[in-house]
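Remarks on the structure that follows.
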Amino acid sequence: MNTEILGIIAMFAITLVMGICLGKYIANVYGYKKTFPDQVFETIEKLIYKISGINPNRQMNWKQNMYAMLTINLVWFVIGFLILQNQSWLPLNPDGNPNMSPDLAFNTTISFLVNCNLQHYSGETGVSYLSQLYLMFLQFVTAATGMAAMAVLFKAFKEKTATELGNFYDFFTRSMIRILIPVSIIVAFILSMNGSPMTFEGKAHMTTLEGQKIDVSRGPVAAFVAIKHLGTNGGGFFGANSAHPFENPNYITNMTEMVTQMIIPFALVFALGFYLHKRKLSWVIFAVMTVGFLALAIPNIVNETGGNPLITQMGTDSSLGAMEGKEIRFGSAASGYWSIATTVISTGSVNAMHDSTMPLSGMNELLAMMVNCFYGGCGVGILNYFIFIILAVFISGLMVGRTPEFMGKKIEAKEMKIAMIVALFHPFLILAGTALTAYLPEFGAKTLNNPGFHGFSEMLYEFTSSSANNGSGFEGLGDNTPWWNISTGIVLLLSRFIPIIGPVAIAGLLAQKKYIPESSGTLKTDTATFGFMTLAVILLIAALSFFPALTLGPIAEQIQYFSK
């Protein structure tokens, strides 16, 4: 067990060190400063701009940047929907996988389009290699979309007063060519060297140790898994996701995938400090996020390594922890750590089944997605946290009787209205969707594998995962139905673009305002006191919004669990 804990500490430490280094590089990329491989990257980018007809030097305001983002996402949706609806006769389908139903194709395309990858199908049998390749493409571009939107926000605070906030297409292309693709190649190489398949051949015909003949699915797994984690996407090539031995063969790949999925969210926090020359602010933000992360991760590690007391009472050895739904090659501690890392960061990949974790562990996984701003996904984590900064600045200003300011700009009614809409829209989607499904048994209760409190948690988890653009699930739920596909698809769309457009709109409005030099009366936002205030606002909104629902689900299950 001590070795397992050391492995977790090593994963976090490696991610932190690499994240700081990558953060400086990302700041240079978005700041148009020289980096070592510029000559190669600039050649590729110029070719892309020449083919597409994009002028990367054209400056856009915040509205034009958001229009560009929405337009290109619409194009990607149409292409993806058509591929999934016609994959049976399209090329690269050696196993003969059938077309998706319209509602499943709708959900799948939107899910990958919004960086969620909520999969209501099993990867190895639900899609062809061509579909997998297009979904892999979406995992690149959706991550780059979030990062480009974040770069627009960075640009808004770079100048004292500005209306021109860069070019979305240029930020997007630089994110892809200079960050996501190079790192993905390195990660894919590590995975392939440790046993992850990288082939376009069909199923392998194998004989087990028991003498049974079976067909084992394979494909371009290593490349798919690399961007699934680096882009905080989480969509599995196989139904079992990173619990599958082809996606995650051993502890080395487990550590690689863990570091990979956390490194960009870490790096972007530090990139903010390097880009704006406010490194102290980035450390305050990182500290708040880390406190929230550890407050969820440590209890999960303890819960899962402690074993299941009811199984222990039956005389079963629980020294390895609560191993139901977990892989022996990773252990309970690394699985508990992964369960929070993947829900905090919005990756949504799993190396163990969340449906099998202890009730309070499931609650922490839900809380990680409900808060949705401790590290967060590629770019959108910073955008979500920015909303809470605005709220904390406003509340702090009222408490001391001063006009709220952030980065030398006054926070006024319009910015606050947008911030409140974004902050409250997330719980609204989760709670309204869960309540409606629970009220309609044909859609809710009849699709559950577990009755009672755990069944309620399954429904709550599905909408929480959708609204947080996470993609993980309590897989006792029979989610491949028209209701689940359409309802979560709508939630996915709204919960992706409103939390991106809202913060960028606030940043754009603030950028246009007159800059107010810092004075003795200015509220400093790079102090531990303000960090504590921001954390208090985050926890207060989460508690008021979600405690009743959590009481009906995992908390009630825990009480029932230990009353037996």
Side-chain angles (χ1 to χ4, degrees), residues 8-9 11-16 19 115-118 143 146 150 228-234 241-242 254 257-270 285-304 333-352 354 357 360-388 426-427 430 461 464-474 495 499 531 534-535 538-539 541-543 545-546 550 554:
I8 292 171
I9 295 172
M11 282 187 266
F12 188 88
I14 293 169
T15 308
L16 177 57
N115 199 246
C116 179
N117 303 4
L118 185 75
M150 181 211 62
K228 127 182 172 179
H229 284 115
L230 185 66
T232 64
N233 297 280
N241 209 280
S242 283
N254 192 70
E257 292 178 21
M258 178 57 68
V259 172
T260 302
Q261 67 182 294
M262 297 183 78
I263 190 170
I264 287 185
F266 274 40
L268 294 180
V269 176
F270 296 108
I285 294 173
F286 182 77
V288 172
M289 291 179 171
T290 301
V291 167
F293 169 68
L294 294 178
L296 297 169
I298 292 174
N300 265 39
I301 294 169
V302 172
N303 286 338
E304 300 310 310
S335 298
Y337 180 73
W338 185 302
S339 71
I340 294 300
T342 192
T343 44
V344 160
I345 290 176
S346 84
T347 305
S349 66
V350 297
N351 72 344
H354 290 187
T357 54
L360 291 185
S361 294
M363 181 187 74
N364 288 337
E365 292 153 14
L366 282 163
L367 273 171
M369 295 183 288
M370 289 168 171
V371 172
N372 200 30
C373 69
F374 294 149
Y375 305 137
C378 284
V380 294
I382 293 289
L383 296 177
N384 289 334
Y385 190 88
F386 174 67
I387 292 296
F388 289 106
H426 177 59
I430 294 171
Y461 197 106
T464 303
S465 181
S466 300
S467 185
N469 288 148
N470 187 269
S472 62
F474 273 7
S495 61
T534 308
L535 181 61
I538 293 170
L539 297 179
I541 291 177
S545 301
F546 298 114
L550 293 173

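Keep in mind that the numbers below use all heavy atoms, side chains included, and drop hydrogens, waters and symmetry copies. This is a predicted model, so every value here is computed, not measured.
Across every non-hydrogen atom of N254 and A334, the tightest pair is ND2-CB, 4.1 Å. When all heavy atoms of N241 and G234 are compared, the closest pair comes out as ND2-O, 2.9 Å. In plain terms, the two heavy atoms of Y337 and I301 that are nearest each other are N-CG1, 3.8 Å. Nearest heavy atom pair, residue S467 against residue S495, reads O-CB, 3.1 Å. Across every non-hydrogen atom of A368 and T343, the tightest pair is CB-OG1, 3.4 Å. Residues H229 and S349 come closest through the heavy atom pair NE2-OG, 3.0 Å.
Between atom CD1 of residue I345 and atom CD of residue Q261 there is a gap of 5.5 Å, rounded to the nearest 0.5 Å. To the nearest 0.5 Å, the span separating OG1 on T464 from CE on M369 amounts to 5.5 Å. To the nearest 0.5 angstrom, L230 atom CG is 7.5 Å from I263 atom CD1. Expressed to the nearest 0.5 Å, how far CZ of F386 lies from CD1 of I285 amounts to 10.0 Å. Atom CZ of residue F12 and atom CE of residue M262 lie 6.0 Å apart, to the nearest 0.5 angstrom. I340 CD1 to F374 CZ: the interatomic distance, rounded to the nearest 0.5 Å, is 11.0 Å.
By the side chain to side chain donor-acceptor pair (under 3.5 Å) test, S465 is found to be paired with no residue, residues two or more places apart in sequence or in another chain being considered. Judged as a side chain to side chain donor-acceptor pair (under 3.5 Å), and not counting sequence neighbours, the contacts of S242 are K228, E257. Under the side chain to side chain donor-acceptor pair (under 3.5 Å) criterion, T15 pairs with no residue, sequence neighbours left out. By the side chain to side chain contact (heavy atoms under 4.5 Å, CB included) test, I14 pairs with M18, M255, V259, sequence neighbours left out. Annotation: salt bridge (Lys or Arg N to Asp or Glu O under 4.0 Å) contacts of E365 (sequence neighbours excluded): none. Take S346 and apply the side chain to side chain contact (heavy atoms under 4.5 Å, CB included) test, not counting sequence neighbours, and it matches T232, N470. Applying the side chain to side chain donor-acceptor pair (under 3.5 Å) criterion to Y461, with sequence neighbours excluded, gives H354, S472. With sequence neighbours left out, N384 forms a side chain to side chain contact (heavy atoms under 4.5 Å, CB included) with N372, C373, P499. With sequence neighbours left out, the side chain to side chain contact (heavy atoms under 4.5 Å, CB included) criterion links L360 to N303, M363, Q558.
Between the side chain of N115 and the backbone N or O of G231, at least one donor-acceptor pair lies under 3.5 Å. Remark: side-chain polar atoms of T342 are not paired, donor with acceptor, to backbone N or O of V350 under 3.5 angstrom.
The stretch residues 289-304 participates, sequence neighbours left out, in these salt bridge (Lys or Arg N to Asp or Glu O under 4.0 Å) pairs: E304-K326.
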Identify all side-chain donor-acceptor contacts of residues 291-300 below 3.5 Å with residues at least two apart in sequence or on another chain.
unit_1: N300; atom_1: OD1; unit_2: N364; atom_2: ND2; d: 2.9
unit_1: N300; atom_1: ND2; unit_2: S339; atom_2: OG; d: 3.0
unit_1: N300; atom_1: ND2; unit_2: S361; atom_2: O; d: 3.4

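Classified by interplanar angle (parallel below 30°, tilted 30° to 60°, perpendicular above 60°), the ring pair F286/Y375 is tilted.
When each of I538, V371, V288, L535 is tested with F388 by the rule side chain to side chain contact (heavy atoms under 4.5 Å, CB included), just one qualifies, namely I538.
Considering only heavy atoms from C-beta on, F546 stays 4.5 Å or farther from L366 through its side chain.
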